[in-house]
Amino acid sequence: QRDLVESGGGSVEIGGSLRLSCVVSKYMGGRYSMGWFRQSPGKERESVASIDMSGRTKYQDSVQGRFTISRDNLKNIVYLEMNSLRPEDTATYYCAACGGDYCVSRYAAHYWGLGTQVTVSS
């Protein structure tokens, strides 16, 4: 029993697509903004995308136009659709819940999932 549970990671080829899912509690889904972060070896955990409680979204420049964050309020699931994947997208992806308008700072995250690995290679 966890508040945030990610799934959907895996190994894909360059240019491929993947959709990550984050199952959240009903309460959290209605009280927190949600975000996707990623971290690769030797790098800081960084924001990938965020969606606030009103459905407004924000993206890291490097994924703009390729990734889409969305939420299904009835199912209490947050998605991250990833297209045109590149090797530099390889990382562990984490779902997070924040108390602000957007969930773009790892320091503002109240809750974290355990992460799901995404590997992009040729």
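- Considering every non-hydrogen atom in both G35 and C103, the closest pair reads N-CB, 3.6 Å.
- Between the side chain of S50 and the backbone N or O of M34, at least one donor-acceptor pair lies under 3.5 Å.
- Closest approach of W36 to C22, counting heavy atoms only: CZ2-CB, 3.6 Å.
- The side chain to side chain donor-acceptor pair (under 3.5 Å) test applied to R19 returns no partner, not counting sequence neighbours.
- A distance of 8.0 Å separates CZ in R71 from CG in D52, rounded to the nearest 0.5 Å.
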- Message: Before you tell me yes or no, could you show the steps for V24 and D3 under side-chain contact (heavy atoms from CB on, under 4.5 Å), namely the whole-Å CA-CA distance, both residues' side-chain angles and the distance that decides it to 0.1 Å?
- Response: CA-CA 6 Å; V24 306; D3 294 317; over 6 Å; no
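- Under a hydrophobic clustering in which Ile, Leu, Val, Met, Phe, Trp and Tyr are joined whenever their side-chain heavy atoms come within less than 4.5 Å, directly or via other members, V118 and V78 fall into the same cluster.
- Nearest approach of A109 to A96, heavy atoms of both residues: CB-CB, 4.0 Å.
- No donor-acceptor pair closer than 3.5 Å links the side chain of S33 to the backbone N or O of M53.
- Atom CG of L80 and atom OG1 of T68 lie 8.0 Å apart (nearest 0.5 Å).
- Sequence neighbours left out, the pairs with a member in residues 83-93 that pass side chain to side chain donor-acceptor pair (under 3.5 Å) are S17-N83, R38-D89, R38-Y93, R66-D89, T92-Q117.
- Side-chain heavy atoms closer than 4.5 Å link hydrophobic residues (I, L, V, M, F, W, Y) into clusters, and following such links, even through other members, never connects Y111 to V104.
- Residue pairs meeting the ring-ring contact (aromatic ring centres under 6.0 Å, His included) criterion with at least one member in residues 70-89, sequence neighbours excluded, do not occur.
- Interatomic distance, CD1 of I51 versus CZ of R56, reported as 10.5 Å (0.5 Å rounding).
- In this structure, S25 OG and N76 CG are separated by 7.5 Å, a value rounded to the nearest 0.5 Å.
- The hydrophobic cluster containing W112, built from Ile/Leu/Val/Met/Phe/Trp/Tyr side-chain heavy atoms closer than 4.5 Å, also comprises F37, Y94.
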Under 3.5 Å, side-chain donor or acceptor atoms of residues 5-15 against the rest of the protein: list the pairs with distances, not counting sequence neighbours.
{"residue": "E6", "atom": "OE1", "partner": "L114", "partner atom": "N", "Å": "3.0"}
{"residue": "E6", "atom": "OE1", "partner": "G115", "partner atom": "N", "Å": "2.9"}
{"residue": "E6", "atom": "OE2", "partner": "C95", "partner atom": "N", "Å": "2.8"}
{"residue": "E6", "atom": "OE2", "partner": "G115", "partner atom": "N", "Å": "3.2"}

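- Contacts classified as salt bridge (charged side-chain N to carboxylate O under 4.0 Å, His left out) and involving residues 75-84 (residues at least two apart or in different chains) are not found.
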- Message: Does F67 form a side-chain contact (heavy atoms from CB on, under 4.5 Å) with Q60? I'd like the steps, not just the answer.
- Response: CA-CA 9 Å; F67 291 10; Q60 181 193 119; over 6 Å; no
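- The backbone N or O of Y107 sits less than 3.5 Å from a side-chain atom of S105, completing a donor-acceptor pair.
- Classification of E46 and R106 as a salt-bridged pair fails, no side-chain N sitting under 4.0 Å from a carboxylate O.
- Following chains of ILVMFWY side-chain contacts shorter than 4.5 Å, one cannot reach V48 starting from Y102, and the two form parts of different hydrophobic clusters.
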- Criterion side-chain contact (heavy atoms from CB on, under 4.5 Å) on L4 and V23, from CA distance to verdict: CA-CA 6 Å; L4 303 176; V23 179; over 6 Å; no
